[in-house]
Protein chains: 2
Amino acid sequence: MSSDERDTRTRILEATWRLLEAHPGQEVKMAEIARAAGISRQAVYLHFASRTELLIATTRYVDEVKGLDARLARLGEATTGVEMLEACVEVWGNYIPEIYAIARALMRAKETDEAAAAAWNGTMGCLRDVCREVIDTLDREDRLAADWSPDEAVDLFFTLISIPNWEQLTIEHGWSTVKYVEHMKLLLRRAFVAG
Amino acid sequence: MSSDERDTRTRILEATWRLLEAHPGQEVKMAEIARAAGISRQAVYLHFASRTELLIATTRYVDEVKGLDARLARLGEATTGVEMLEACVEVWGNYIPEIYAIARALMRAKETDEAAAAAWNGTMGCLRDVCREVIDTLDREDRLAADWSPDEAVDLFFTLISIPNWEQLTIEHGWSTVKYVEHMKLLLRRAFVAG
DNA sequence: ATGCTCACTTGACACGGTGTCAATTGATGT
DNA sequence: ACATCAATTGACACCGTGTCAAGTGAGCAT
């Protein structure tokens, strides 16, 4: 019963994810998701009140499966600010391609839907906290470039590693993930590290 | 007759623009535009075949009224690459807020509409050409940072001054236009100018 | 003044996607 | 034999885009 429900619910989440990955950047319709999950369109609404809610739940599901938290834990191993910065770019830069499809769907939803925006900002808040840590560490080491206050540096750092920028460089301009990571590291060092 | 038609057509374009500015980031409906222009909804379709076409025409109209070309001509006055780079940021950074509403509408349309994407890429191609000029000039002066090939530098430059980045820094994080321009100049110098 | 043209109006309609509702089926556990 | 509950079927309302057809009315022709 409860496990049955979990099963169907999970099947919907997986179907959503699969479809998003299969048609990147396309609008995935509720009817398609239902078909892919092997249930009726209406049954989806028994588990998720709306399209937005389904997208948000899928985001959480993917984040959980992919384990961003665990990956970000690696940053703790870094001893210097520069190492943290590079580890951050590496983890995040390798994570984006894995979650890009659902992230893009949620980004689009957030433009019109308040709940989607809140969910998105929540997820992104974690990343922002990491940016803050990196910048604070650099600042404590007196290696933060004199051009920025810590707050400004965080805003800028967070903006530079945003998904739209990744999208532009990799998808539009054809950069590989490796190239993206290496060049982003270079850019961030030049931008934020003194000397 | 011909002037009458121009009048109505222009009234539609202006109504579209006005509504986009008034409700930034909202979906503006054909019916609202018609009402704002003082005509029937169907009459809009006598002048523009579709919503996308109207958005594209509005973009062109705004670009023409605002005169980006003339502003970019100022770059010719710059003598060094660094001056060009700074002038570029200044012109573009002051231009974005004036066209942000329509730009955002077109950016959104381009996600689903092929024609909108083409129009957008056309407009952005001009900006990219300017980026290329700046980088080439720096390169010719041997002042392009050794970390990048000219092609890579152009990709990155173009990405850094993109509208989503402007949006994030000014709208989300509250940076003023002046702050945006000054800090973007600093960032670009640190990123691309050697020494 | 009669009649044409042409922009525009009115009102209806098809389509596609979301979300809702009500009645029904069918498997499960008791 | 019965209740429960997930899921099904089929219908429907709503909204926004785009289309179609018939009608209005002002300006301009000769």
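Letters A, B, ... mirror the listed sequences (proteins, then strands); counts begin at 1.
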S.K.: In terms of side-chain heavy atoms of A/I39, which of D/dG18, D/dT8, C/dT9 is nearest?
M.R.: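 Nucleotide nearest to A/I39's side chain: D/dT8.
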S.K.: Measure from CD1 on A/I12 to C1' on D/dA6 and round the result to the nearest Å.
M.R.: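 In whole Å, D/dA6 C1' lies 11 Å from A/I12 CD1.
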S.K.: Could you give the distance from CZ (A/F192) to CG (A/L156), rounded to the nearest 0.5 Å?
M.R.: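 Here the interatomic distance stands at 4.0 Å.
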S.K.: Taking atom CG of B/L85 and atom OG1 of B/T80, what is their separation to the nearest 0.5 Å?
M.R.: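 That separation rounds to 9.0 Å.
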S.K.: Closest to the A/T8 side chain: C/dG19, C/dG17, D/dA7?
M.R.: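 The closest nucleotide is D/dA7.
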S.K.: Rounded to the nearest angstrom, tell me the gap between atom CZ in B/R11 and atom P in C/dC8.
M.R.: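 Distance, rounded to whole Å: 8 Å.
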S.K.: C/dC8, OP1 or OP2 - any side-chain N/O from B/H47 closer than 4.0 Å?
M.R.: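 Looking at the OP1 and OP2 atoms of C/dC8, one of them is under 4.0 Å from a side-chain N or O of B/H47.
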S.K.: Heavy atoms from C-beta onward define the side chain here; which of D/dT17, C/dT18, D/dT8 lies closest to that of B/R51?
M.R.: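 Out of D/dT17, C/dT18, D/dT8, the nucleotide with an atom closest to B/R51's side chain is D/dT17.
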S.K.: Could you give the CZ-to-P distance, from B/R41 to C/dT10, as a whole number of Å?
M.R.: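 After rounding, the gap between these two atoms is 13 Å.
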S.K.: So how far is it from B/T58 OG1 to B/I99 CD1, rounded to the nearest 0.5 Å?
M.R.: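 It is 13.0 Å, given to the nearest 0.5 Å.
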S.K.: I need the A/I56 CD1 to A/E53 CD distance, nearest 0.5 Å.
M.R.: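 With rounding to 0.5 Å, CD1 (A/I56) is 7.0 Å from CD (A/E53).
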S.K.: Rounded to whole Å, how long is the line connecting atom OH of B/Y45 with atom P of C/dT9?
M.R.: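 Taking OH of B/Y45 and P of C/dT9, I get 14 Å after rounding.
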S.K.: Calculate the interatomic distance between A/L46 atom CG and D/dT4 atom C1'; express it in whole Å.
M.R.: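 Computing the A/L46:CG to D/dT4:C1' distance gives 15 Å.
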S.K.: Indicate, with yes or no, if A/L46 and A/L55 share a hydrophobic cluster defined by side-chain heavy-atom contacts under 4.5 Å among Ile, Leu, Val, Met, Phe, Trp and Tyr.
M.R.: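 No.
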S.K.: Please round to 10 degrees the angle between the axis of the first five pairs and the axis of the last five pairs in the helix from C/dA1-D/dT30 to C/dT30-D/dA1.
M.R.: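 It comes to 20° between the two terminal axes.
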S.K.: Under 4.0 angstrom, heavy atoms only, what part of the nucleic acid is B/Q42 near: base, sugar-phosphate, or nothing?
M.R.: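 Here B/Q42 touches the bases of the nucleic acid.
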S.K.: How far does CD1 of A/I161 sit from CZ of A/R128, to the nearest 0.5 angstrom?
M.R.: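 A/I161 CD1 to A/R128 CZ: 10.5 Å, rounded to 0.5 Å.
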S.K.: Using atom NZ of B/K29 as one end and atom P of D/dG18 as the other, report the distance to the nearest whole Å.
M.R.: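 These atoms are roughly 14 Å apart.
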S.K.: Give the rounded distance in Å between these two atoms: CG of B/D7 and P of C/dC6.
M.R.: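 Between P of C/dC6 and CG of B/D7: 18 Å.
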S.K.: Rounded to whole angstroms, how far apart are CD on B/E53 and C1' on D/dT17?
M.R.: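 That distance rounds to 14 Å.
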S.K.: How long is the span from the CE atom in B/M84 to the CD atom in B/E133, to the nearest 0.5 Å?
M.R.: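 Going from the CE atom of B/M84 to the CD atom of B/E133 covers 5.0 Å.
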S.K.: Look at the side-chain N and O atoms of B/S50 and state whether any lies under 4.0 Å from the OP1 or OP2 oxygen of D/dT17.
M.R.: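 For D/dT17, neither OP1 nor OP2 has a side-chain N or O of B/S50 closer than 4.0 Å.
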